[in-house]
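Letters A, B, ... are given to chains in the order of the sequence lines, protein chains preceding strands, and every chain is numbered from 1. Please read these numbers as outputs of a predicted model, since none were measured by experiment. Just so it is clear, the values below take in all heavy atoms, side chains as well, and ignore hydrogens, waters and symmetry mates.
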Amino acid sequence: MTGPAPEGCGSPQPDRLRIRADFVRAAKGARVTARAFALQARKRESDALEGARVGFTVTKKTGNSVVRNRIRRRLREAVRLGKTLPLRPDHDYVLIARREALSMEFRALSRELERAIQKLNDPKRAAAGSRPARPT
RNA sequence: CCAGUCGGCUGGACGGCCGCUCCCUUGCGGGAGAGGAAAGUCCGGGCUCCAUGGAGACACGGCGCCGGAUAACGUCCGGCGGGGGCGACCCCAGGGAAAGCGCCACAGAAAGCAAACCGCCCGUCCUUGGACGGGUAAGGGUGAAAGGGUGCGGUAAGAGCGCACCGCGGACGCGGUAACGCGGACGGCACGGCAAGCCCCGCCGGGAGCAAAACCGAAUAGGGAUGACACGAAGCCGCCAGGAAACUGGUUUGGCUUCAGGCCCGUCUCCGGGUCGUCGUCCGGGUUGGUUGCUUGAGGCGUUCGGUGACGAACGUCCCAGAGGAAUGGCCGUCACGCGCAGGCUUUCGGGCCUGCGCCAUACAGAACCCGGCUUACAGGCCGACUGGCGAU
């Protein structure tokens, strides 16, 4: 049971997703692709937590460990700095990196992330059975 | 100055805003935070668990000139031998071929035990061609390799048959801890090569790894105790079912093996240990997850001493990442360096300098229990020692 949503919509920093089972579950949710990444999102059932959670996946295909680390850090920073991102507090998000996330300009990366989340929030796309409307 | 050999170091700096992990603190706040290879996971150890009861033999694997260093090594240091380079220096699968087996392709008459294809010489026959018998191994030819080489003597032709020098073997002597080096009586020459084919000799070695291992602990299966029942049982394969997996259950649906014992602990011997039916009840179990292991160590730095050196000793001083879908960063500014383009100046034609603009995780690359090595990757920069040229004094 979630408490009252924090006032002012200044969303708190999302938690990291760390457990394999969470990643597997999120993979069954809705999916949107961009040039630098693919984004998956799924509403959590039986929710004892509050606040959105975000995980990152960088596969070995994208490069060696130096490249993978850098990509993950850039994506993480884009999430952290994007305070106005319309993340839903009862959802889990997973960002799957692509190679372009390494060389793309950071501002463009942030824009892509915002657009991808908006797309997921669009009620027409919300096929996963989550009620889209959120007050404020 | 040019060319080269060897060794070592470095591999962005400063600042601003916003963050991450760990530690200290009641709190404000403060401190620390990737590499020389963190890489490949190729060797050697520490540590953990299992096995280890013992002993020996066998098997298997690794190493292989000598001496030293080291916790240890396949690493390092100093020598020796062989090969390459004008030289500094570099390279080496470098024990044993009279313990034994095996192999030596092609070519060649012949490839390891002595033989003879073309030849050469002598004798006999005969139509000067040639045939047969014998001697011989200098010459030709083949080959990676053909029973020493060159010269003289010698001879029917020849041959270590004889001699000289060289090569080879070599009792013994001297030097060296040793590998080995120097000398060498004597031997008329025999003992070809391959051990990276098997092998022999010497030395070393139990297995698996932090996803080790310990603790806390949802569900499923297993486990222990006890009671009842049963006496052919056990193991392997296959099939079916459950589980995310590890694994578990069923099998009169089938096949195979073993025997009153079977199977496992590398094999064998003596010997030891573990394990092996169904159902009920009770105890209890430990996978996902969490905590520990987790960073003070063959530790770093400095000085002195010993040693040719690898390295060792003493003293002083410091605490230096601990993540776990994995922190150590993101963005921006200035500068240095580099690269590209354009323009200008200069040149001993290799290049050098200046200005402007652009690019720039600056190269290779990211700790994952910890050490010692090896190997591989690496833009650019710096330092030292030495060698060979050319020039100047």
Side-chain angles (χ1 to χ4, degrees):
Chain A
M1 75 163 214
T2 41
E7 308 303 317
C9 185
S11 52
Q13 273 307 306
D15 284 335
R16 284 287 291 283
L17 230 56
R18 289 184 190 280
I19 294 165
R20 184 183 153 70
D22 290 336
F23 281 85
V24 172
R25 224 171 289 127
K28 292 175 184 162
R31 180 186 174 104
V32 161
T33 59
R35 271 197 309 144
F37 54 84
L39 178 65
Q40 300 172 328
R42 185 174 166 86
K43 181 177 160 62
R44 290 193 297 271
E45 60 251 13
S46 75
D47 203 357
L49 315 142
E50 58 183 282
R53 297 192 301 172
V54 180
F56 303 93
T57 293
V58 188
T59 63
K60 278 202 174 158
K61 257 194 299 186
T62 43
N64 63 19
S65 52
V66 176
V67 168
R68 294 199 304 271
N69 272 337
R70 186 161 163 78
I71 288 175
R72 191 187 321 106
R73 286 163 179 162
R74 277 169 70 92
L75 289 177
R76 204 177 59 203
E77 197 70 2
V79 170
R80 183 180 73 82
L81 292 176
K83 287 203 191 301
T84 59
L85 290 175
L87 292 169
R88 297 224 196 92
D90 56 348
H91 275 58
D92 285 344
Y93 296 87
V94 172
L95 276 164
I96 299 163
R98 294 174 151 190
R99 228 187 138 70
E100 282 73 17
L102 179 69
S103 51
M104 182 183 252
E105 190 138 336
F106 190 74
R107 243 177 291 172
L109 185 67
S110 299
R111 253 198 315 273
E112 272 203 351
L113 180 62
E114 185 166 2
R115 214 170 303 140
I117 294 170
Q118 278 170 349
K119 235 183 198 173
L120 279 178
N121 286 351
D122 189 341
K124 288 178 195 163
R125 291 189 53 93
S130 61
R131 275 185 44 79
R134 192 74 195 165
T136 39

| Taking the side chain of A/V66 as heavy atoms from C-beta outward, which of B/G329, B/A361, B/C331 is closest to it? | B/A361
| Since syn is defined as within 90° of 0, does B/A34 count as syn or as anti? | syn
| said: Work out how far the C1' atom of B/C174 is from that of B/G100, and round it to whole angstrom. | reply: 39 Å
| message | Taking B/G96 as the reference, what is the distance to B/G197 when you measure between their P atoms (whole Å, please)? | response | 16 Å
| message | I need the A/R107 CZ to A/L109 CG distance, nearest 0.5 Å. | response | 12.5 Å
| query | Among the nucleotides B/A361, B/C18, B/A367, which one has an atom lying closest to any side-chain atom of A/S65? | reply | B/A367
| query | When you check the phosphate oxygens OP1 and OP2 of B/A365, does a side-chain N or O of A/R70 lie under 4.0 Å from one of them? | reply | no
| task | Decide, applying a 5.5 Å centre-distance limit and a 30° plane-angle limit (both strict), whether A/F23 stacks on B/G325. | result | yes
| query | Whom does B/U155 pair with, Watson-Crick or G-U wobble, provided both distances fall under 3.5 Å? | reply | none
| Proximity to the side chain of A/N64 - top-ranked nucleotide from B/C18, B/G366, B/A361 | B/G366
| Under the rule syn = chi within 90° of 0, otherwise anti, which is B/G36? | syn
| query | How far does the C1' atom of B/A37 sit from the matching atom of B/G373, given to the nearest Å? | reply | 13 Å
| query | With rounding to whole Å, what would you report as the distance between B/G74 and B/C203 at their C1' atoms? | reply | 14 Å
| Min side-chain heavy-atom separation A/R35-A/R98 under 4.5 Å | no
| Within the structure, does a side-chain N or O atom of A/R73 lie under 4.0 Å from either OP1 or OP2 of B/G19? | no
| request: Would you kindly compare A/E105 and A/F56 by the position of their nearest RNA chain B nucleotide and give the one closer to the 5′ end? | output: A/F56
| field | Side chain to side chain, A/R31 and A/I96, heavy atoms closer than 4.5 Å | value | yes
| Side-chain touch A/V67/A/R99, heavy atoms, less than 4.5 angstrom | yes
| field | Proximal nucleotide (of B/A34, B/A361, B/G329) relative to the A/N69 side chain | value | B/A34
| message | A side-chain contact here means heavy atoms from C-beta on lying under 4.5 Å apart; do A/R88 and A/Y93 qualify? | response | yes
| Same-atom distance (C1') from B/G307 to B/G324, integer angstrom | 48 Å
| query | Please give, in whole Å, the distance from B/G330 C1' to A/I71 CD1? | reply | 15 Å
| query | Across all strands shown, which nucleotide pairs with B/C9 by Watson-Crick or G-U wobble geometry, both distances under 3.5 Å? | reply | B/G381
| said: At 4.0 Å (heavy atoms only), tell me whether A/R68 reaches a base, stays on the sugar-phosphate, or touches nothing. | reply: nothing
| message | Using modelled atom types and a 3.5 Å cut-off, is there a donor and acceptor pairing between side-chain atoms of A/R42 and backbone atoms of A/D92? | response | no
| message | For B/U10, does the O4'-C1'-N9-C4 or O4'-C1'-N1-C2 angle fall within 90° of 0, making it syn, or is it anti? | response | anti
| said: As a test of the definition: with a 90° window around 0 for syn, would you call B/G250 syn or anti? | reply: anti
| For B/A233, which nucleotide is its Watson-Crick or G-U wobble mate, given both distances must be under 3.5 Å? | B/U258
| field | Distance-only donor-acceptor test (3.5 Å): side chain A/R107, base B/C331 | value | no
| remark: Rounded to whole Å, the CG-C1' distance (A/L81 to B/C17) equals 11 Å
| message | For the C1' atoms, the ones on B/C73 and on B/U375, what distance do you get once it is rounded to whole angstrom? | response | 16 Å
| task | Starting at atom CZ of A/R74, determine the distance to atom C1' of B/C331, rounded to an integer number of angstrom. | result | 10 Å
| remark: Paired to B/U387 by Watson-Crick or G-U wobble criteria (both distances under 3.5 Å) is B/A3
| request: Determine which nucleotide pairs with B/G61, using a 3.5 Å limit on both distances of a Watson-Crick or G-U wobble pair. | output: B/C204
| note | The glycosidic conformation of B/C263, counting syn as within 90° of 0 and anti otherwise, is anti
| field | Nearest-angstrom distance from the residue atom CZ of A/R80 to P of B/G330 | value | 11 Å
| Nearest of B/C18, B/G325, B/U328 to any side-chain atom of A/T57? | B/G325
| query | In whole angstroms, how far is the P atom of B/G325 from the CG atom of A/L17? | reply | 11 Å
| task | Tell which nucleotide pairs with B/C341, taking only Watson-Crick or G-U wobble pairs whose two distances are both under 3.5 angstrom. | result | B/G356
| In the structure shown, which nucleotide is the Watson-Crick or G-U wobble counterpart of B/A164, with both distances under 3.5 Å? | B/U150
| task | Kindly say if A/R53 contacts the phosphate of B/G325, meaning a side-chain N or O under 4.0 Å from OP1 or OP2. | result | no
| query | Taking C-beta and beyond as the side chain, do A/I71 and A/F37 meet within less than 4.5 Å on heavy atoms? | reply | no
| With both distances under 3.5 angstrom, what nucleotide forms a Watson-Crick or G-U wobble pair with B/G74? | none
| note | A/R76 atom CZ is separated from B/A361 atom P, nearest whole Å, by 19 Å
| message | Suppose you measure atom C1' in B/C65 against the same atom in B/G81; what distance do you get, rounded to whole Å? | response | 8 Å
| said: Need to verify one output field. Residue with the more 5' nearest nucleotide on RNA chain B, A/V94 or A/E77? | reply: A/V94
| said: Any salt bridge linking A/E77 with A/R74? Criterion: basic side-chain nitrogen under 4.0 Å from a carboxylate oxygen. | reply: no
| field | B/G184 versus B/C165 - spacing of their P atoms, nearest Å | value | 12 Å
